[in-house]
Amino acid sequence: QVHLEESGGGSVQAGGSLRLACTIQGNIGSPWCMAWFRQAPGKEREVVAATESDGSSSAASFAQGRFFISWENAESTLYLEMNSLKPDDSATYYCAHEPTRCIWLAYSSPRAYNSWGQGTQVTVSS
């Protein structure tokens, strides 16, 4: 069992940047899959990016070239670097963990993950 806690959200103008952090306590296991999801009001939770223990990562089409996921093992922290933010990026962002490889999961589905953080709000103004 792991505990996840997000931080780094806030309000930013369009074109700005934010870095979200997800600190993880507990045994993350090996292999593992970690992901960032987001959910805007009235919309379904959607995957932003995912990474797994072999170092590979993937990003949703809307995130490619703008958002970058990374895992810092020494800090037990999952990061999401977000650049060129748009108002449509406004949402609550969540991190998720599952102790298996992403390729063995429907990793883009929130139903694939059992461990979640509480979320951090990102608001992008035009």
Side-chain angles (χ1 to χ4, degrees):
Q1 190 71 17
V2 294
H3 176 74
L4 293 75
E5 185 169 352
E6 301 94 339
S7 61
S11 297
V12 63
Q13 289 190 329
S17 299
L18 281 174
R19 187 174 76 158
L20 305 183
C22 172
T23 57
I24 302 177
Q25 295 180 326
N27 184 6
I28 63 172
S30 181
W32 50 259
C33 177
M34 299 185 197
W36 285 97
F37 284 78
R38 70 183 187 182
Q39 188 167 20
K43 295 188 177 181
E44 294 188 351
R45 191 169 297 193
E46 62 179 352
V47 69
V48 177
T51 188
E52 60 181 310
S53 46
D54 70 352
S56 60
S57 63
S58 62
S61 57
F62 65 81
Q64 290 177 8
R66 296 193 301 131
F67 295 2
F68 302 95
I69 189 172
S70 62
W71 167 249
E72 291 295 334
N73 193 59
E75 301 172 5
S76 294
T77 301
L78 182 72
Y79 290 103
L80 183 69
E81 182 77 29
M82 303 189 295
N83 303 305
S84 301
L85 284 161
K86 307 173 183 179
D88 284 350
D89 295 320
S90 297
T92 300
Y93 284 72
Y94 300 89
C95 58
H97 166 275
E98 191 65 20
T100 188
R101 292 198 64 188
C102 292
I103 61 171
W104 297 339
L105 291 173
Y107 72 90
S108 62
S109 169
R111 292 185 293 275
Y113 300 86
N114 288 303
S115 297
W116 291 86
Q118 83 289 347
T120 186
Q121 179 68 40
V122 172
T123 303
V124 184
S125 58
S126 57

How would you list, by chain and number, every residue that makes a ring pair (Phe, Tyr, Trp, His ring centres under 6.0 Å) with Phe37, sequence neighbours excluded? Tyr113, Trp116

Does Gln118 CD have over 12 foreign heavy atoms under 6.0 Å away? yes

Does atom CD (Gln25) have a neighbourhood of more than 12 heavy atoms from anything else shown, all under 6.0 Å? no

I'd like to know if the side chain of [X] reaches the main chain of [Y], judged simply by a donor and an acceptor atom lying under 3.5 Å from each other, with no hydrogens or angles considered.
X	Y	result
Trp36	Tyr79	yes
Thr120	Gly9	yes
Glu6	Gly119	yes
Gln39	Lys43	yes
His97	Ile28	yes

Approximate separation, where rounding is to 0.5 Å, of [X] [atom1] and [Y] [atom2]:
X	Y	atom1	atom2	answer
Ser17	Phe67	OG	CZ	9.5 Å
Thr100	Trp32	OG1	CH2	12.5 Å
Cys95	Leu78	SG	CG	6.5 Å

Test of understanding: with side-chain contact (heavy atoms from CB on, under 4.5 Å), list the residues that count as partners of [X], not counting sequence neighbours.
X	value
Thr23	Glu5, Thr77
Ser56	Glu52, Asp54
Ser11	Thr123

Transitive ILVMFWY cluster of Ile103 at side-chain heavy atoms under 4.5 Å: who else is in it? Trp104

I need the full list of disulfide (SG to SG under 2.5 Å) pairs touching residues 45-86, with sequence neighbours left out, sorted by first then second residue. none

Cation-aromatic face contact Arg38/Phe62, 6.0 Å, 45 degrees: yes

Nearest heavy-atom pair of Ala59 and Ala63: which atoms, and what distance? CB-CB, 4.2 Å

Nearest heavy-atom pair of Val2 and Ile24: which atoms, and what distance? CB-CG2, 4.0 Å

